[in-house]
Amino acid sequence: MPSATESSSPPKEAVEQYRPNLMNQSPAEFMRPTTRTRGTSNAKTNGVGVQVEDTRICVVMVGLPARGKSLIAQKVVRYLGWLSITAKCFNVGNYRRTATPQPNAAFFDTSNKEGERLRKAAAEAAVADMVKWFKKPDNLIAILDATNSTKARRRWIKERCDAEGIESLFVESKCDDEDIIMSNILEVKTTSPDYQGQDPEEAAKDFRERIKMYERVYETLDEDEADMTYCKIIDVGAQVIINRIQDYLQSRVVYYLMNLHIKPRSIWISRHGESMYNLSGQIGGDADLSTRGEMYAKALPDLVKQSAGDLPLTVWTSTLKRTAQTARYLPYEKLSWKALDELDSGVCDGLTYAEIAQNYPEDFKARDDDKYNYRYLGGESYRDVVIRLEPIIMELERSENILIVTHQAVLRCIYAYFMGSPQDKSPWMEVPLHTLIKLTPRAYKTEEERMFANIPAVSTFREKGSKAQHQETEESTRRNSPMISGEAKA
Ligand SMILES: Nc1ncnc2c1ncn2[C@@H]1O[C@H](COP(=O)(O)OP(=O)(O)OP(=O)(O)O)[C@@H](O)[C@H]1O
(Lines give C-alpha, C1' and ligand atoms only; values in the text may rest on other atoms or scores of the structure.)
Protein backbone atom coordinates (compact mmCIF):
# COMPACT_ATOMS: atom_id res chain seq x y z
CA MET A 1 0.00 0.00 0.00
CA PRO A 2 1.27 3.48 -0.75
CA SER A 3 2.20 6.03 1.86
CA ALA A 4 -0.70 7.44 3.78
CA THR A 5 -1.85 10.97 3.07
CA GLU A 6 -4.38 13.14 4.76
CA SER A 7 -6.24 16.39 4.74
CA SER A 8 -5.93 18.01 8.13
CA SER A 9 -8.99 20.23 8.50
CA PRO A 10 -11.81 21.26 9.06
CA PRO A 11 -13.41 21.36 12.51
CA LYS A 12 -15.54 18.25 13.08
CA GLU A 13 -18.88 20.08 13.23
CA ALA A 14 -18.33 21.46 9.75
CA VAL A 15 -18.46 18.02 8.18
CA GLU A 16 -21.30 16.58 10.17
CA GLN A 17 -23.52 14.09 8.48
CA TYR A 18 -26.87 14.99 7.03
CA ARG A 19 -29.66 12.54 7.65
CA PRO A 20 -32.56 14.00 5.78
CA ASN A 21 -36.10 13.16 6.69
CA LEU A 22 -37.36 10.88 3.94
CA MET A 23 -41.01 10.40 4.72
CA ASN A 24 -42.47 9.33 1.47
CA GLN A 25 -39.96 9.82 -1.26
CA SER A 26 -36.55 8.40 -1.91
CA PRO A 27 -33.77 11.00 -2.18
CA ALA A 28 -32.76 9.32 -5.39
CA GLU A 29 -36.06 10.31 -6.93
CA PHE A 30 -34.96 13.93 -6.91
CA MET A 31 -31.57 13.49 -8.39
CA ARG A 32 -32.04 10.88 -11.02
CA PRO A 33 -33.97 10.47 -14.22
CA THR A 34 -36.68 7.84 -14.17
CA THR A 35 -35.70 6.24 -17.45
CA ARG A 36 -33.38 3.52 -16.19
CA THR A 37 -33.94 0.13 -17.77
CA ARG A 38 -36.39 -1.94 -15.80
CA GLY A 39 -34.90 -5.12 -14.45
CA THR A 40 -31.23 -4.26 -14.73
CA SER A 41 -29.20 -5.68 -11.89
CA ASN A 42 -28.54 -2.34 -10.23
CA ALA A 43 -32.08 -1.01 -10.47
CA LYS A 44 -34.68 -1.01 -7.71
CA THR A 45 -38.09 0.48 -7.16
CA ASN A 46 -38.37 3.22 -4.59
CA GLY A 47 -41.85 2.39 -3.38
CA VAL A 48 -43.75 4.77 -5.62
CA GLY A 49 -43.06 2.90 -8.82
CA VAL A 50 -40.01 4.89 -9.86
CA GLN A 51 -37.00 2.98 -11.06
CA VAL A 52 -33.80 4.16 -9.45
CA GLU A 53 -30.30 2.85 -9.70
CA ASP A 54 -28.35 1.64 -6.73
CA THR A 55 -25.43 4.02 -7.11
CA ARG A 56 -23.05 4.68 -4.24
CA ILE A 57 -20.23 7.07 -4.88
CA CYS A 58 -17.00 7.73 -3.04
CA VAL A 59 -15.77 11.21 -3.91
CA VAL A 60 -12.02 11.01 -3.32
CA MET A 61 -10.36 14.37 -2.74
CA VAL A 62 -6.85 14.85 -4.17
CA GLY A 63 -4.43 17.73 -3.70
CA LEU A 64 -1.64 19.27 -1.69
CA PRO A 65 -2.51 20.79 1.69
CA ALA A 66 -4.31 24.17 1.71
CA ARG A 67 -5.88 23.67 -1.73
CA GLY A 68 -9.46 23.91 -0.45
CA LYS A 69 -10.17 20.17 -0.38
CA SER A 70 -11.93 20.22 2.98
CA LEU A 71 -13.89 23.30 2.04
CA ILE A 72 -15.05 21.67 -1.19
CA ALA A 73 -15.88 18.42 0.65
CA GLN A 74 -17.88 20.26 3.27
CA LYS A 75 -19.82 22.24 0.65
CA VAL A 76 -20.68 19.12 -1.35
CA VAL A 77 -22.03 17.41 1.79
CA ARG A 78 -24.14 20.46 2.61
CA TYR A 79 -25.45 20.81 -0.96
CA LEU A 80 -26.37 17.12 -1.18
CA GLY A 81 -27.96 17.20 2.28
CA TRP A 82 -30.09 20.13 1.16
CA LEU A 83 -31.22 18.03 -1.81
CA SER A 84 -32.03 15.06 0.48
CA ILE A 85 -29.06 13.02 -0.68
CA THR A 86 -27.45 11.44 2.37
CA ALA A 87 -23.75 12.24 2.25
CA LYS A 88 -20.94 12.11 4.77
CA CYS A 89 -17.37 13.32 4.84
CA PHE A 90 -14.60 11.08 6.17
CA ASN A 91 -11.67 13.31 7.04
CA VAL A 92 -8.47 11.30 7.44
CA GLY A 93 -6.89 14.12 9.47
CA ASN A 94 -9.54 13.63 12.17
CA TYR A 95 -8.62 9.93 12.38
CA ARG A 96 -4.89 10.72 12.54
CA ARG A 97 -5.43 13.33 15.26
CA THR A 98 -6.71 10.70 17.73
CA ALA A 99 -3.19 9.16 17.77
CA THR A 100 -1.18 12.29 16.95
CA PRO A 101 -3.05 15.45 17.95
CA GLN A 102 -0.37 18.03 17.20
CA PRO A 103 2.34 16.75 14.86
CA ASN A 104 5.02 19.01 13.42
CA ALA A 105 6.06 19.02 9.77
CA ALA A 106 8.62 16.21 10.29
CA PHE A 107 5.74 13.83 11.02
CA PHE A 108 4.70 14.18 7.35
CA ASP A 109 8.18 13.39 6.00
CA THR A 110 7.84 10.19 3.95
CA SER A 111 11.14 8.93 5.39
CA ASN A 112 9.63 9.11 8.91
CA LYS A 113 8.65 5.47 9.35
CA GLU A 114 6.54 5.90 12.47
CA GLY A 115 4.75 8.87 10.90
CA GLU A 116 4.10 6.76 7.82
CA ARG A 117 2.69 3.92 9.87
CA LEU A 118 0.32 6.18 11.82
CA ARG A 119 -0.87 8.02 8.73
CA LYS A 120 -1.45 4.77 6.89
CA ALA A 121 -3.47 3.43 9.83
CA ALA A 122 -5.59 6.60 9.83
CA ALA A 123 -6.36 6.24 6.10
CA GLU A 124 -7.26 2.57 6.50
CA ALA A 125 -9.54 3.32 9.43
CA ALA A 126 -11.31 6.07 7.46
CA VAL A 127 -11.85 3.81 4.43
CA ALA A 128 -13.06 0.94 6.62
CA ASP A 129 -15.59 3.22 8.34
CA MET A 130 -16.72 4.54 4.98
CA VAL A 131 -17.30 1.03 3.62
CA LYS A 132 -19.31 0.21 6.77
CA TRP A 133 -21.33 3.41 6.39
CA PHE A 134 -22.28 2.46 2.83
CA LYS A 135 -24.01 -0.69 4.09
CA LYS A 136 -27.05 1.43 4.99
CA PRO A 137 -29.20 1.72 1.86
CA ASP A 138 -29.94 5.47 2.10
CA ASN A 139 -26.25 6.37 2.36
CA LEU A 140 -25.32 7.41 -1.16
CA ILE A 141 -22.25 9.62 -1.28
CA ALA A 142 -19.13 9.58 0.89
CA ILE A 143 -16.32 12.09 0.58
CA LEU A 144 -12.88 10.81 1.46
CA ASP A 145 -11.06 13.96 2.49
CA ALA A 146 -7.29 13.46 2.40
CA THR A 147 -4.42 14.58 0.19
CA ASN A 148 -4.39 11.20 -1.67
CA SER A 149 -1.35 12.57 -3.36
CA THR A 150 0.21 9.53 -5.02
CA LYS A 151 -0.98 7.41 -7.92
CA ALA A 152 -0.43 4.27 -5.87
CA ARG A 153 -2.63 5.58 -3.08
CA ARG A 154 -5.41 6.47 -5.50
CA ARG A 155 -5.19 3.07 -7.19
CA TRP A 156 -5.51 1.41 -3.78
CA ILE A 157 -8.65 3.43 -3.00
CA LYS A 158 -10.17 2.65 -6.40
CA GLU A 159 -9.56 -1.05 -5.91
CA ARG A 160 -11.09 -0.95 -2.41
CA CYS A 161 -14.16 0.80 -3.83
CA ASP A 162 -14.42 -1.53 -6.85
CA ALA A 163 -14.35 -4.54 -4.54
CA GLU A 164 -17.32 -3.11 -2.61
CA GLY A 165 -19.29 -2.08 -5.70
CA ILE A 166 -18.78 1.61 -4.85
CA GLU A 167 -18.09 4.05 -7.70
CA SER A 168 -15.06 6.28 -7.20
CA LEU A 169 -14.93 9.88 -8.38
CA PHE A 170 -11.57 11.57 -7.85
CA VAL A 171 -11.69 15.34 -7.39
CA GLU A 172 -8.34 17.10 -7.53
CA SER A 173 -7.86 20.72 -6.52
CA LYS A 174 -4.65 21.93 -8.13
CA CYS A 175 -3.44 25.42 -7.43
CA ASP A 176 0.04 26.89 -7.69
CA ASP A 177 -0.86 30.49 -6.96
CA GLU A 178 1.37 31.41 -3.99
CA ASP A 179 -0.89 34.25 -2.87
CA ILE A 180 -3.95 32.00 -2.68
CA ILE A 181 -2.03 29.31 -0.82
CA MET A 182 -0.63 31.79 1.72
CA SER A 183 -4.01 33.34 2.31
CA ASN A 184 -5.53 29.85 2.73
CA ILE A 185 -2.92 29.01 5.34
CA LEU A 186 -3.59 32.21 7.25
CA GLU A 187 -7.37 31.89 6.94
CA VAL A 188 -7.78 28.32 8.11
CA LYS A 189 -4.56 26.51 8.94
CA THR A 190 -3.17 28.62 11.76
CA THR A 191 -6.44 28.01 13.66
CA SER A 192 -6.55 24.27 12.86
CA PRO A 193 -6.70 21.89 15.84
CA ASP A 194 -3.20 20.77 14.76
CA TYR A 195 -1.87 24.15 15.94
CA GLN A 196 -4.16 24.90 18.86
CA GLY A 197 -2.49 27.21 21.36
CA GLN A 198 0.50 27.87 19.10
CA ASP A 199 1.85 31.13 17.72
CA PRO A 200 0.09 31.73 14.34
CA GLU A 201 3.33 32.80 12.65
CA GLU A 202 5.13 29.63 13.77
CA ALA A 203 2.09 27.59 12.76
CA ALA A 204 2.11 29.10 9.25
CA LYS A 205 5.83 28.38 8.94
CA ASP A 206 5.42 24.79 10.04
CA PHE A 207 2.48 24.33 7.67
CA ARG A 208 4.61 25.54 4.78
CA GLU A 209 7.16 22.86 5.73
CA ARG A 210 4.39 20.28 5.81
CA ILE A 211 3.38 21.23 2.27
CA LYS A 212 7.00 20.76 1.16
CA MET A 213 6.94 17.20 2.54
CA TYR A 214 3.93 16.43 0.42
CA GLU A 215 5.35 18.16 -2.67
CA ARG A 216 8.20 15.63 -2.75
CA VAL A 217 5.81 12.75 -3.48
CA TYR A 218 2.83 14.51 -5.03
CA GLU A 219 1.63 13.26 -8.41
CA THR A 220 -1.16 15.08 -10.21
CA LEU A 221 -3.92 13.09 -11.94
CA ASP A 222 -2.80 12.38 -15.51
CA GLU A 223 -3.10 10.01 -18.47
CA ASP A 224 -1.79 7.08 -16.39
CA GLU A 225 -5.13 7.28 -14.61
CA ALA A 226 -7.22 7.60 -17.76
CA ASP A 227 -9.33 4.62 -16.69
CA MET A 228 -10.50 6.49 -13.57
CA THR A 229 -13.43 8.84 -13.19
CA TYR A 230 -12.08 12.24 -12.23
CA CYS A 231 -12.55 15.97 -12.19
CA LYS A 232 -9.48 18.15 -11.97
CA ILE A 233 -10.10 21.72 -10.84
CA ILE A 234 -7.18 23.97 -11.71
CA ASP A 235 -6.66 27.42 -10.15
CA VAL A 236 -10.06 27.58 -8.45
CA GLY A 237 -12.02 26.64 -11.57
CA ALA A 238 -10.06 28.66 -14.17
CA GLN A 239 -9.75 25.30 -15.91
CA VAL A 240 -11.65 22.08 -15.23
CA ILE A 241 -10.73 18.72 -16.74
CA ILE A 242 -13.27 15.93 -16.48
CA ASN A 243 -12.73 12.30 -17.35
CA ARG A 244 -15.12 9.36 -17.66
CA ILE A 245 -18.05 10.83 -15.73
CA GLN A 246 -20.42 7.89 -15.65
CA ASP A 247 -23.86 8.81 -14.45
CA TYR A 248 -26.32 11.51 -13.54
CA LEU A 249 -25.39 11.80 -9.87
CA GLN A 250 -21.68 12.11 -10.65
CA SER A 251 -22.40 14.77 -13.25
CA ARG A 252 -24.50 16.74 -10.73
CA VAL A 253 -21.62 16.75 -8.27
CA VAL A 254 -19.15 17.81 -10.96
CA TYR A 255 -21.46 20.54 -12.25
CA TYR A 256 -21.76 21.91 -8.72
CA LEU A 257 -17.97 21.88 -8.28
CA MET A 258 -17.54 23.75 -11.56
CA ASN A 259 -19.65 26.63 -10.24
CA LEU A 260 -17.78 27.25 -6.99
CA HIS A 261 -15.55 30.27 -6.47
CA ILE A 262 -13.78 31.72 -3.43
CA LYS A 263 -14.04 35.46 -4.03
CA PRO A 264 -15.23 37.28 -0.90
CA ARG A 265 -18.89 38.25 -1.25
CA SER A 266 -22.21 38.41 0.58
CA ILE A 267 -25.79 37.53 -0.21
CA TRP A 268 -28.57 39.73 1.16
CA ILE A 269 -32.07 38.34 1.51
CA SER A 270 -35.28 40.07 2.43
CA ARG A 271 -38.94 39.21 2.34
CA HIS A 272 -41.17 41.60 0.43
CA GLY A 273 -42.72 44.42 2.45
CA GLU A 274 -45.97 43.77 4.28
CA SER A 275 -48.75 42.99 1.76
CA MET A 276 -52.51 43.44 1.82
CA TYR A 277 -52.84 39.64 2.20
CA ASN A 278 -50.47 39.75 5.18
CA LEU A 279 -52.85 42.21 6.78
CA SER A 280 -55.92 40.06 6.15
CA GLY A 281 -54.08 36.87 7.16
CA GLN A 282 -54.52 35.20 3.75
CA ILE A 283 -51.82 33.04 2.21
CA GLY A 284 -50.64 32.95 -1.40
CA GLY A 285 -52.16 35.31 -3.96
CA ASP A 286 -50.57 38.23 -5.73
CA ALA A 287 -51.48 41.15 -3.49
CA ASP A 288 -50.07 44.68 -3.49
CA LEU A 289 -48.00 46.09 -0.64
CA SER A 290 -49.77 47.65 2.34
CA THR A 291 -48.94 51.23 3.32
CA ARG A 292 -46.32 49.95 5.75
CA GLY A 293 -44.98 47.58 3.09
CA GLU A 294 -44.54 50.58 0.83
CA MET A 295 -42.66 52.35 3.67
CA TYR A 296 -40.30 49.37 3.85
CA ALA A 297 -39.73 49.55 0.08
CA LYS A 298 -38.75 53.20 0.49
CA ALA A 299 -36.48 52.44 3.47
CA LEU A 300 -34.78 49.46 1.83
CA PRO A 301 -32.22 51.35 -0.30
CA ASP A 302 -30.76 53.01 2.81
CA LEU A 303 -30.78 49.79 4.79
CA VAL A 304 -28.93 48.03 1.98
CA LYS A 305 -26.47 50.90 1.63
CA GLN A 306 -25.67 50.79 5.36
CA SER A 307 -24.77 47.15 4.97
CA ALA A 308 -23.29 46.90 1.47
CA GLY A 309 -21.79 50.35 1.05
CA ASP A 310 -20.95 51.02 -2.58
CA LEU A 311 -20.71 47.40 -3.67
CA PRO A 312 -22.32 46.75 -7.02
CA LEU A 313 -25.31 44.50 -6.37
CA THR A 314 -27.78 42.69 -8.57
CA VAL A 315 -31.33 42.37 -7.25
CA TRP A 316 -33.34 39.20 -7.81
CA THR A 317 -37.10 39.20 -7.24
CA SER A 318 -39.89 36.72 -7.91
CA THR A 319 -42.50 37.37 -10.60
CA LEU A 320 -45.10 38.39 -8.00
CA LYS A 321 -46.06 42.05 -7.57
CA ARG A 322 -45.14 42.38 -3.90
CA THR A 323 -41.46 41.59 -4.49
CA ALA A 324 -41.14 43.88 -7.52
CA GLN A 325 -42.86 46.67 -5.56
CA THR A 326 -40.47 46.14 -2.63
CA ALA A 327 -37.43 46.32 -4.90
CA ARG A 328 -38.55 49.21 -7.06
CA TYR A 329 -36.53 51.96 -5.33
CA LEU A 330 -33.31 49.97 -5.26
CA PRO A 331 -30.76 51.56 -7.60
CA TYR A 332 -29.37 48.29 -9.00
CA GLU A 333 -29.88 46.01 -11.95
CA LYS A 334 -32.90 43.73 -11.37
CA LEU A 335 -33.84 40.27 -12.54
CA SER A 336 -37.11 38.49 -11.85
CA TRP A 337 -37.20 34.70 -11.48
CA LYS A 338 -40.25 32.44 -11.61
CA ALA A 339 -38.28 30.01 -9.43
CA LEU A 340 -38.39 32.58 -6.60
CA ASP A 341 -42.21 32.65 -6.49
CA GLU A 342 -43.78 31.73 -3.15
CA LEU A 343 -44.58 28.10 -2.31
CA ASP A 344 -47.78 27.29 -4.23
CA SER A 345 -50.53 26.59 -1.70
CA GLY A 346 -52.83 25.01 -4.32
CA VAL A 347 -56.49 24.84 -3.23
CA CYS A 348 -55.61 26.82 -0.09
CA ASP A 349 -54.41 29.83 -2.05
CA GLY A 350 -56.21 32.92 -0.73
CA LEU A 351 -57.41 31.28 2.51
CA THR A 352 -56.48 32.19 6.08
CA TYR A 353 -54.92 29.54 8.37
CA ALA A 354 -58.19 29.41 10.33
CA GLU A 355 -60.10 28.71 7.09
CA ILE A 356 -57.64 26.00 6.11
CA ALA A 357 -58.00 24.38 9.55
CA GLN A 358 -61.77 24.48 9.16
CA ASN A 359 -62.06 23.38 5.50
CA TYR A 360 -59.12 20.96 5.33
CA PRO A 361 -58.59 19.75 8.93
CA GLU A 362 -56.66 16.62 7.90
CA ASP A 363 -54.35 18.56 5.65
CA PHE A 364 -53.77 21.14 8.34
CA LYS A 365 -52.66 18.41 10.75
CA ALA A 366 -50.59 16.57 8.14
CA ARG A 367 -48.71 19.77 7.38
CA ASP A 368 -47.94 20.34 11.05
CA ASP A 369 -46.76 16.73 11.42
CA ASP A 370 -44.31 16.97 8.55
CA LYS A 371 -44.18 20.47 7.17
CA TYR A 372 -41.16 19.82 4.94
CA ASN A 373 -42.79 17.01 2.98
CA TYR A 374 -46.43 18.10 3.09
CA ARG A 375 -47.64 19.09 -0.36
CA TYR A 376 -50.72 21.34 -0.59
CA LEU A 377 -53.50 19.81 -2.65
CA GLY A 378 -52.75 21.04 -6.16
CA GLY A 379 -49.72 22.91 -4.86
CA GLU A 380 -46.21 22.42 -3.51
CA SER A 381 -44.25 21.21 -0.48
CA TYR A 382 -41.03 22.70 0.90
CA ARG A 383 -39.27 19.73 -0.69
CA ASP A 384 -40.71 20.76 -4.09
CA VAL A 385 -39.53 24.34 -3.55
CA VAL A 386 -36.00 23.16 -2.81
CA ILE A 387 -35.91 21.23 -6.08
CA ARG A 388 -37.04 24.22 -8.12
CA LEU A 389 -34.56 26.46 -6.29
CA GLU A 390 -31.58 24.37 -7.33
CA PRO A 391 -30.76 26.53 -10.38
CA ILE A 392 -30.98 29.59 -8.12
CA ILE A 393 -28.43 28.07 -5.75
CA MET A 394 -26.17 27.17 -8.65
CA GLU A 395 -26.39 30.73 -10.00
CA LEU A 396 -25.77 32.12 -6.50
CA GLU A 397 -22.64 30.00 -6.21
CA ARG A 398 -21.39 31.42 -9.52
CA SER A 399 -22.28 35.01 -8.65
CA GLU A 400 -20.81 37.64 -6.37
CA ASN A 401 -22.97 40.14 -4.43
CA ILE A 402 -26.68 39.44 -4.84
CA LEU A 403 -29.73 40.85 -3.06
CA ILE A 404 -32.80 38.60 -3.16
CA VAL A 405 -36.26 39.97 -2.42
CA THR A 406 -38.54 37.00 -2.06
CA HIS A 407 -41.14 35.17 0.04
CA GLN A 408 -41.13 33.48 3.44
CA ALA A 409 -40.96 29.81 2.36
CA VAL A 410 -38.46 30.49 -0.43
CA LEU A 411 -36.27 32.53 1.87
CA ARG A 412 -36.33 29.71 4.45
CA CYS A 413 -35.12 27.25 1.78
CA ILE A 414 -32.30 29.52 0.60
CA TYR A 415 -31.29 30.22 4.19
CA ALA A 416 -31.29 26.48 4.95
CA TYR A 417 -28.84 25.87 2.09
CA PHE A 418 -26.32 28.40 3.40
CA MET A 419 -26.74 27.50 7.06
CA GLY A 420 -27.11 23.75 6.65
CA SER A 421 -30.38 23.84 8.64
CA PRO A 422 -32.10 20.46 9.09
CA GLN A 423 -35.30 19.81 7.16
CA ASP A 424 -37.48 19.40 10.25
CA LYS A 425 -36.42 22.87 11.45
CA SER A 426 -36.12 25.01 8.33
CA PRO A 427 -39.88 25.32 7.54
CA TRP A 428 -40.46 26.63 11.07
CA MET A 429 -37.77 29.28 10.99
CA GLU A 430 -38.94 32.74 12.00
CA VAL A 431 -38.21 35.40 9.39
CA PRO A 432 -39.88 38.67 10.34
CA LEU A 433 -41.09 41.10 7.71
CA HIS A 434 -39.12 44.33 7.21
CA THR A 435 -35.79 42.66 8.02
CA LEU A 436 -32.70 42.43 5.85
CA ILE A 437 -30.47 39.38 6.33
CA LYS A 438 -26.85 39.42 5.22
CA LEU A 439 -25.14 36.06 4.69
CA THR A 440 -21.40 35.94 4.20
CA PRO A 441 -19.91 32.57 3.24
CA ARG A 442 -16.52 31.93 4.85
CA ALA A 443 -14.38 28.80 4.91
CA TYR A 444 -16.42 26.22 6.85
CA LYS A 445 -19.21 28.57 7.99
CA THR A 446 -21.64 31.26 6.92
CA GLU A 447 -21.84 34.45 8.96
CA GLU A 448 -25.23 36.07 9.45
CA GLU A 449 -26.32 39.60 10.28
CA ARG A 450 -29.91 40.79 10.63
CA MET A 451 -30.87 44.42 10.13
CA PHE A 452 -34.30 45.65 11.15
CA ALA A 453 -35.93 48.53 9.29
CA ASN A 454 -37.84 49.65 12.36
CA ILE A 455 -41.12 49.71 10.45
CA PRO A 456 -43.98 47.82 12.13
CA ALA A 457 -45.59 44.88 10.35
CA VAL A 458 -47.84 41.94 11.17
CA SER A 459 -46.14 38.72 12.16
CA THR A 460 -46.86 35.98 9.64
CA PHE A 461 -45.16 33.37 11.79
CA ARG A 462 -47.43 30.49 12.80
CA GLU A 463 -46.28 28.13 15.50
CA LYS A 464 -46.81 24.39 15.15
CA GLY A 465 -50.40 23.51 16.13
CA SER A 466 -51.63 27.12 16.06
CA LYS A 467 -54.34 28.54 13.82
CA ALA A 468 -53.32 32.06 14.69
CA GLN A 469 -54.29 34.89 12.42
CA HIS A 470 -51.42 37.07 11.31
CA GLN A 471 -50.86 39.37 14.23
CA GLU A 472 -49.51 42.78 14.89
CA THR A 473 -46.05 42.31 16.28
CA GLU A 474 -43.86 44.45 18.41
CA GLU A 475 -40.85 42.60 17.03
CA SER A 476 -39.96 45.13 14.41
CA THR A 477 -40.95 48.19 16.43
CA ARG A 478 -39.01 47.14 19.52
CA ARG A 479 -35.67 47.04 17.82
CA ASN A 480 -33.60 49.88 16.65
CA SER A 481 -31.85 49.00 13.44
CA PRO A 482 -29.37 47.78 12.60
CA MET A 483 -28.91 44.82 14.90
CA ILE A 484 -26.30 42.19 14.39
CA SER A 485 -27.20 38.64 15.27
CA GLY A 486 -24.35 36.26 15.98
CA GLU A 487 -22.59 33.94 13.65
CA ALA A 488 -24.01 30.66 12.53
CA LYS A 489 -22.31 27.61 11.20
CA ALA A 490 -22.92 26.53 7.65
N1 LIG B 1 -10.23 25.28 -5.51
C2 LIG B 1 -9.49 25.91 -4.58
N3 LIG B 1 -8.18 26.18 -4.79
C4 LIG B 1 -7.45 26.80 -3.86
N5 LIG B 1 -7.94 27.23 -2.68
C6 LIG B 1 -9.24 27.00 -2.41
C7 LIG B 1 -10.07 26.34 -3.35
N8 LIG B 1 -11.32 26.23 -2.81
C9 LIG B 1 -11.24 26.81 -1.60
N10 LIG B 1 -10.01 27.28 -1.34
C11 LIG B 1 -9.52 27.97 -0.14
O12 LIG B 1 -8.92 26.98 0.67
C13 LIG B 1 -9.06 27.34 2.06
C14 LIG B 1 -9.52 26.12 2.82
O15 LIG B 1 -8.49 25.18 2.81
P16 LIG B 1 -8.81 23.67 3.19
O17 LIG B 1 -8.64 23.46 4.64
O18 LIG B 1 -10.11 23.28 2.62
O19 LIG B 1 -7.58 22.98 2.40
P20 LIG B 1 -7.22 21.46 2.31
O21 LIG B 1 -6.79 21.25 0.90
O22 LIG B 1 -8.31 20.61 2.82
O23 LIG B 1 -5.95 21.36 3.23
P24 LIG B 1 -5.41 20.10 4.14
O25 LIG B 1 -4.93 19.06 3.20
O26 LIG B 1 -4.35 20.66 4.98
O27 LIG B 1 -6.58 19.69 4.98
C28 LIG B 1 -10.04 28.46 2.12
O29 LIG B 1 -9.31 29.63 2.46
C30 LIG B 1 -10.61 28.56 0.72
O31 LIG B 1 -10.87 29.91 0.35
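Atoms within each ligand, like the ligands themselves, are counted from 1 in listed order.
Heavy-atom proximity to atom 6 (C) of ligand 1, evaluated over Pro441, Ser192, Ala73, Gly68, is greatest for Gly68.
Ionic pairing of Lys158 and Asp162 is present here: one or more N-O contacts between side-chain nitrogen and carboxylate oxygen are shorter than 4.0 angstrom. Taking a cutoff of 4.0 Å between a charged side-chain nitrogen and a carboxylate oxygen, Glu116 and Lys113 do not qualify as a salt bridge. The pair Arg155-Asp227 counts as a salt bridge, with a side-chain nitrogen and a carboxylate oxygen less than 4.0 angstrom apart.
Backbone and side-chain nitrogen or oxygen atoms of Asn184 are examined, and one is located within less than 3.5 angstrom of a nitrogen or oxygen of ligand 1. Residue Val236 places no N or O, backbone or side chain, under 3.5 Å from any N or O of ligand 1.
Heavy atoms from both the backbone and the side chain of Leu71 come within less than 4.0 Å of ligand 1. Only the side chain of Phe207 comes within 4.0 Å of ligand 1, judged by heavy-atom distances. The proximity of Met61 to ligand 1, defined as any non-hydrogen pair under 4.0 Å, does not occur for either the backbone or the side chain. Contacts between Glu187 and ligand 1 below 4.0 angstrom, taking non-hydrogen atoms only, involve the side chain exclusively. In Val188, the part holding a heavy atom less than 4.0 Å from any atom of ligand 1 is the side chain. Contacts between Asp235 and ligand 1 below 4.0 angstrom, taking non-hydrogen atoms only, are absent altogether. Of the heavy atoms in Tyr444, only side-chain atoms (C-beta onward) come closer than 4.0 Å to ligand 1.
For ligand 1, the atoms closer than 4.0 angstrom to any heavy atom of Pro65 are 23 (O), 24 (P), 25 (O), 26 (O).
Of the residues Asp341, Thr319, Thr323, the one that meets the side chain to side chain contact (heavy atoms under 4.5 Å, CB included) test with Ser336 is Thr319. Residue Arg208 is tested with Glu215, Glu202, Glu178 for a salt bridge (charged side-chain N to carboxylate O under 4.0 Å, His left out); the sole match is Glu178.
At a 4.0 Å cut-off, at least one heavy atom of Leu64 sits close enough to ligand 1 to count as contact. Ligand 1 is approached by Lys189 to a heavy-atom distance shorter than 4.0 Å. Using a non-hydrogen distance threshold of 4.0 Å, Ser173 registers as a contact of ligand 1. Contact between Ala66 and ligand 1 is present, with at least one heavy atom of the residue lying under 4.0 Å from the ligand.
Relative orientation of the Tyr256 and Tyr79 rings is parallel, given thresholds of 30° and 60° on the angle between their planes. Between Tyr214 and Phe108, the ring planes lie tilted relative to each other; the angle falls in the 30° to 60° range. Classified by interplanar angle (parallel below 30°, tilted 30° to 60°, perpendicular above 60°), the ring pair Tyr195/Phe207 is perpendicular.
Because its NZ or CZ atom is not both nearer than 6.0 Å to the ring centre of Tyr230 and within 45° of the ring axis, Arg244 does not count as a cation-pi partner of that residue.
For the atom pair Ser399 OG and Lys263 NZ, the distance stands at 10.0 Å (nearest 0.5 Å).
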